[in-house]
Structure formats: C-alpha cells, structure tokens
Enquirer: 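Sharing a structure here in structure tokens format.
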Protein chains: 2
Amino acid sequence: MKRRNTPTKEAVLDVLAKTGKAMSQDAIEQKIDIDINRATIYRILNRFCNDGVLHRVVAEDGKQYFALCVKCDENQKPLHHFHFRCIKCETIECLPVEVNFSIPDEYLVENVNCVLTGTCKECS
Amino acid sequence: MKRRNTPTKEAVLDVLAKTGKAMSQDAIEQKIDIDINRATIYRILNRFCNDGVLHRVVAEDGKQYFALCVKCDENQKPLHHFHFRCIKCETIECLPVEVNFSIPDEYLVENVNCVLTGTCKECS
DNA sequence: AAACTAATGCGATATAATTGCATTAATGAC
DNA sequence: GTCATTAATGCAATTATATCGCATTAGTTT
C-alpha cells in the first residue's frame, strides 16, 4: 500500500521534528496549527510506527508517546534507548543511553520499553 | 492512618504470592475465589504500593501490573529490575536483572519502569 | 479529466482506572 | 461482650486513552 502525502502527515512530522521529543497524541494535537481529528492523528502515528519513521514509548502514566527515529550518525540514539519523562515540564525525551541487559537465551525479546521518570535537567 | 486486616486484602496478597508474577487488576479479580469489586481491588493495590508492599509496572499495553516486593535476601530482585511480559502466556515476571544506566546528575530519577516484551522461556 | 483507493472526519465503542457517596465492618476503649 | 470510631467496601458514575466502522474527501496515476 503506497503512502500518500497529506498536510496532516506533514504537520505531525513537523511538530515532532521541532520539539525533538516524544509526544502524546494530545500534545501533538495542541501544538498543531491546523485542525486534525483525534482518530486521524492516532492513525498517522501508528502508520509511522509501522513504517519505522517513529517509535512508540509507553510511559508509566499509561499513555503512548511517539518520537522520531533518529538514524545512526552523529547525535544518534541507540536502537533501544532510555526515555526520560519529566513530571514538571511534562515532556519525554530520548536519552542517548542504550538499554543493556542479559537474560537467558530462551527469552525472545521483541520490544524494549524503558522510561525513567523524575525531574529533567532543564527543570531541576 | 492504621491499616485494617480484611479478607479482601488477604485474598489479593494470596493470589500475588501464589503466582509470584506481576498481575493486572483484571487477572487478580479472575483468580480470586471471593467476589471483590473492581474499585476495591484498585484501592487495595494502590494502598499496597504506597506502603511498599507491592510495586507497580506499566507495560507497553498501557496497563498497570502489580507484584510483591521481594526483600533483599536470597533470590531477591534488585531495587529496579527488568520485567518481562510474555505475549503468549500473557504474564509478566520480575527478572532478577538490575536496570543500570548513567545519566547526568542534573536528572533526578524518581522512578524506573522497564519492560521487555516477547516470548518467555516457558513459551518459547 | 477520470478512476482508484489511501486518508480523513465523525460518531460510537472498548478498555483502564478513578472518584463520590452511602454503607459495612475492623479495631480499640470501656 | 458492647459501643464508638473510621478504615474499607460496593455501586454507579465519570474520566481518559485509544480504536473502529463507515461514509466522504482528496492524493496519485493514467
């Protein structure tokens, strides 16, 4: 199925690119200047996740947050990195800190979801 | 505020002790033989978390899971440990694998929520 | 310009979790 | 054992997140 270019897609990507952080559907909708339906935003986000453009994090508030996948050049984030959720500025940033663990081979790890919560360096 | 001993509290603890895993309110309610209201179970779980009896994990399905805090003797789990959510048997277990990371001092980490998802050793 | 169909908007729906309030029952004092 | 205090509970309503069906819109290709 070929993707089409739509203003809504562009708008969502723009917002995510500008903040450089992981954002919820709610936060994205508020930041976008044009009106986009809630369901549409979710569909865009899910599509981008499937296409590898975004990655999804679920924070301990139970909400989904989406962030651009930064490719591996300078300033890159590792494949599985920690996320930091600040309870003051209520943002989630991708930390350039890789998640390392070693568990028995019998476990097949398909996804990694690691979020640290507290006060970020901007707010402390 | 002093806690009172109630059959419901005991029942919830029993179920969690028996499975030894992290369980959702839903799963707990199903396993309990007596009838306990959903809201009551949530209140019990939240109280136990505040009292340090249980710890809470939020998986990438957005649901809360609760597990007994195992004290630091043999077979202990570290303070912040990884959790593994199996998509086949739909359980979450506490892995005896500590979560390690190093981030700048300006970050104040108050909570750690790390969940690996995939197929556990029982189901692979 | 026309056809194809991906993408969208809207409303309804599913699920998780919490809250207000009246009632029940565990605990301590007597 | 009885009574008083109030923690704990049940029930219904509510909040919030996210998804889904379906009719319509609009991007893309010919």
Enquirer: Using a cut-off of less than 4.0 Å, is there contact between a side-chain N or O of Arg3(A) and OP1 or OP2 of dA7(C)?
Expert: yes
Enquirer: Provide, to the nearest angstrom, the distance between the CG atom belonging to Asn50(A) and the P atom belonging to dA6(C).
Expert: 15 Å
Enquirer: What is the distance from CZ of Phe66(B) to P of dA16(C), rounded to the nearest Å?
Expert: 13 Å
Enquirer: Taking the minimum atom-to-atom distance to the side chain of Asn46(B), which one of dA7(C), dT18(C), dG10(D) wins?
Expert: dT18(C)
Enquirer: Are there more than 12 heavy atoms of other residues, nucleotides or ligands under 6.0 Å from atom CG of Asp105(B)?
Expert: no
Enquirer: Check every strand shown and say whether Asp26(A) touches a base, only sugar-phosphate, or nothing at a heavy-atom separation below 4.0 Å.
Expert: nothing
Enquirer: More than 12 heavy atoms of other residues, nucleotides or ligands under 6.0 Å from CG of Asp51(A): yes or no?
Expert: yes
Enquirer: Quick one: label Asp61(A) by what it contacts on the DNA or RNA (base, sugar-phosphate, nothing), any heavy atom closer than 4.0 Å.
Expert: nothing
Enquirer: From C-beta outward on Lys63(B), which listed nucleotide comes closest to its side chain: dA26(C), dA17(C), dC11(D)?
Expert: dA17(C)
Enquirer: By the 4.0 Å heavy-atom rule, please label Gln64(B) as base, sugar-phosphate, or nothing.
Expert: sugar-phosphate
Enquirer: Among dC4(C), dC10(C), dC11(D), which nucleotide sits nearest the side chain of Arg4(A)?
Expert: dC4(C)
Enquirer: So with a 6.0 Å cut-off around NZ of Lys9(A), is the heavy-atom count from everything else above 12?
Expert: yes
Enquirer: Could you pick out which residue, Lys2(B) or Ser24(B), lies toward the 5' side of DNA chain C when each is mapped onto its nearest nucleotide?
Expert: Ser24(B)
Enquirer: Given side chains that start at C-beta, do those of Tyr107(B) and Glu93(A) come closer than 4.5 Å, heavy atoms only?
Expert: yes
Enquirer: Considering only heavy atoms and no angle criterion, is a donor-acceptor pair shorter than 3.5 Å present between the side chain of Arg43(B) and the base of dT18(C)?
Expert: no
Enquirer: Mind calculating the distance between CD1 (Ile34(A)) and P (dT25(D)) to the nearest angstrom?
Expert: 18 Å
Enquirer: Do Glu60(A) and Arg85(A) sit within salt-bridge range, that is, some charged N less than 4.0 Å from a carboxylate O?
Expert: yes
Enquirer: Whole Å only: how far is the CD atom of Glu10(B) from the P atom of dA26(C)?
Expert: 11 Å
Enquirer: Rounding to a whole Å, what distance do you find between Leu45(A):CG and dT17(D):C1'?
Expert: 13 Å
Enquirer: Under 4.0 Å between a side-chain N or O of Thr40(B) and OP1 or OP2 of dG10(D)?
Expert: yes
Enquirer: Under 4.0 Å: is that the gap between some side-chain N or O of Tyr42(B) and OP1 or OP2 of dT18(C)?
Expert: no
Enquirer: Starting at atom CZ of Arg56(A), determine the distance to atom P of dT19(D), rounded to an integer number of angstrom.
Expert: 7 Å
Enquirer: Separation of Gln25(A) atom CD from dT17(D) atom P, in whole Å?
Expert: 8 Å
Enquirer: Please tell me which of Arg38(B) and Pro7(A) maps to the more 5' nucleotide of DNA chain D, matching each residue to the nucleotide holding its nearest heavy atom.
Expert: Arg38(B)
Enquirer: Atom CG of Asn37(B) to atom P of dA25(C): distance rounded to whole Å?
Expert: 14 Å
